Amino acid sequence: MSSSQNHITFWNGNKMPVVGLGTWQSSKEEIQKAVNAALEAGYRHIDTAYNYLNEDAIGEVLQQWIQSGKVKREELFIVTKLPMIGNRPEDVEKFLRKSLSALRLDYIDLYLIHAPIGLIGKHDQDVFPHDEQGFAMIDMHTNLVELWKSMEKQVDAGLVKSIGVSNFNEEQIKRIINNSRIKPANVQVEMHVQFQQKSLREFCQKHGLTICAYAPFASPGRNEFYSKLGLKPPVVIPDLFQHPVIVKIANKHKKSSAQILIKYLTELGVSVIPKSVSSERIRSNIQIFDFTLSPVDMAQLQELDLGEMGFTFEFSSFFKGMDKHPENPFPHRAPKN
């Protein structure tokens with residue numbers, strides 16, 4: 001699919017705008033400014049999650065836009081995610097309804113299982129529960145097939161239009177497909193030019209699934225995030241904006257490096273959710289439909305792929321002890337520094 005089309009289409013016919021706004025790691029004021037700027041710039045795809053604890057702030061803006069008549073609900077594509085503390089069949093509806101209430105919506109366009117590992121929170125806001133030694137409070141009894149059946153019930157109830165998964169590996173996705181009544185519509189994973197997930201893309205194409213890429217810039221803001229916590233980033237986070245190949249192609253097309261990084265992924269048929277709180281960058285990030293990458297451009301960008309060495313989200317830094325969980329999706333990934 002060329003990004004001259006501004007949607008990707010799910011197997012069930014529902015359409016996801018190819019560029020959306022990512023909203024992780026933002027204050028209430030920042031996120032409301034960003035969502036307003038995105039909607040003004042023409043975005044209709046907003047990605048959030050219960051784990052981000054920002055749904056209420058986003059919901060206020062969505063409500064203002066809908067009530068003012070500036071946008072119709074059916075024009076929006078809202079994605080949110082089941083938190084890991086809700087990875088039990090009996091908890092899916094509860095957390096979904098909490099998200100719906102916070103977002104001031106009657107339904108979610110795409111509801112994802114945020115990650116395949118279940119956690120045990122002390123309360124419903126304890127989204128990253130840890131014990132006194134800093135180890136994640138892991139639920140060792142996560143049952144993905146039963147969890148998926150509960151996700152399907154939310155479609156039956158009309159609370160969500162489509163369902164999918166995030167941060168799952170191919171085996172886990174295949175297990176869901178083989179045991180599903182309603183198969184996943186979308187898989188959200190880290191993807192950028194140095195981590196192009198070729199095997200996963202081929203797998204999803206084979207099974208009729210679409211992909212949404214988070215961290216299309218390799219999430220450079222996480223360096224500051226770790227710094228504020230007094231931590232050294234567990235994995236080297238590259239500065240893709242300054243990569244000479246990307247800069248050369250950007251200059252050729254009179255575009256920014258960010259626009260090239262987004263454009264490349266959309267040319268692969270992947271939707272993209274770059275995160276920004278800068279109104280200028282938010283506007284720029286969606287201005288990718290007025291140019292085309294040449295076959296030479298595409299080949300040069302393809303060559304930047306580092307395979308499994310290119311990942312940057314090292315989950316055990318967030319969830320110490322995650323490697324002990326039977327559904328740890330990426331046991332082969334380890335810090336590079």
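Heavy-atom basis, side chains included; hydrogens, waters and symmetry copies ignored. As the structure is a computational prediction, the values presented were derived from the model and not from experiment.
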### Message
Given 3.5 Å as the limit, does a donor-acceptor pair link the side chain of Ser26 with the main chain of Ile31, or not?
### Response
no
## Note on the structure
Residue pairs passing the ring pair (Phe, Tyr, Trp, His ring centres under 6.0 Å) test with at least one member in residues 81-101, sequence neighbours excluded, are Tyr50-Phe95
### Query
Any salt bridge between Lys153 and Asp156, counting N to O under 4.0 Å?
no
## Note on the structure
Across all chains, not counting sequence neighbours, the ring pair (Phe, Tyr, Trp, His ring centres under 6.0 Å) partners of His243 are none
### Task
Check side-chain contact (heavy atoms from CB on, under 4.5 Å) between Lys149 and all other residues, then give those that pass, not counting sequence neighbours.
Val145, Glu146, Glu152
### Task
Classify the angle between the aromatic ring planes of Phe313 and Trp24 as parallel (below 30°), tilted (30 to 60°) or perpendicular (above 60°).
tilted
### Query
If you draw the axis of the six-membered ring of Tyr107, does the NZ or CZ of Arg73 fall within 45° of it and under 6.0 Å from the ring centre?
yes
### Query
Taking the six-membered ring of Phe203, is the NZ or CZ of Lys174 close enough (under 6.0 Å from the centre) and on axis enough (within 45°)?
no
### Any residue meeting salt bridge (charged side-chain N to carboxylate O under 4.0 Å, His left out) with Lys98, in chain and number order, not counting sequence neighbours
Asp124
### Message
Nearest 0.5 angstrom please: Ile138 CD1 to Asp323 CG, how far?
### Response
7.5 Å
### Message
Under 3.5 Å, is there a donor on one side chain and an acceptor on the other for Thr142 and Asp139?
### Response
no
#### Entry: Carboxylate-amine/guanidinium contact Glu74 Lys161, below 4.0 Å
no
#### Entry: For His192, ring pair (Phe, Tyr, Trp, His ring centres under 6.0 Å) partners two or more places apart
none
### Option from Leu261, Leu268, Leu293, Leu265 for which side-chain contact (heavy atoms from CB on, under 4.5 Å) with Leu301 holds
Leu293
### Query
By ring pair (Phe, Tyr, Trp, His ring centres under 6.0 Å), which residues pair with Tyr264, not counting sequence neighbours?
none
### Query
Is Glu267 paired with Lys263 through a side-chain N to carboxylate O contact shorter than 4.0 Å?
yes
### Query
So which heavy atom on Asn285 is nearest to which on Ser276, and how close?
ND2-CB, 4.3 Å
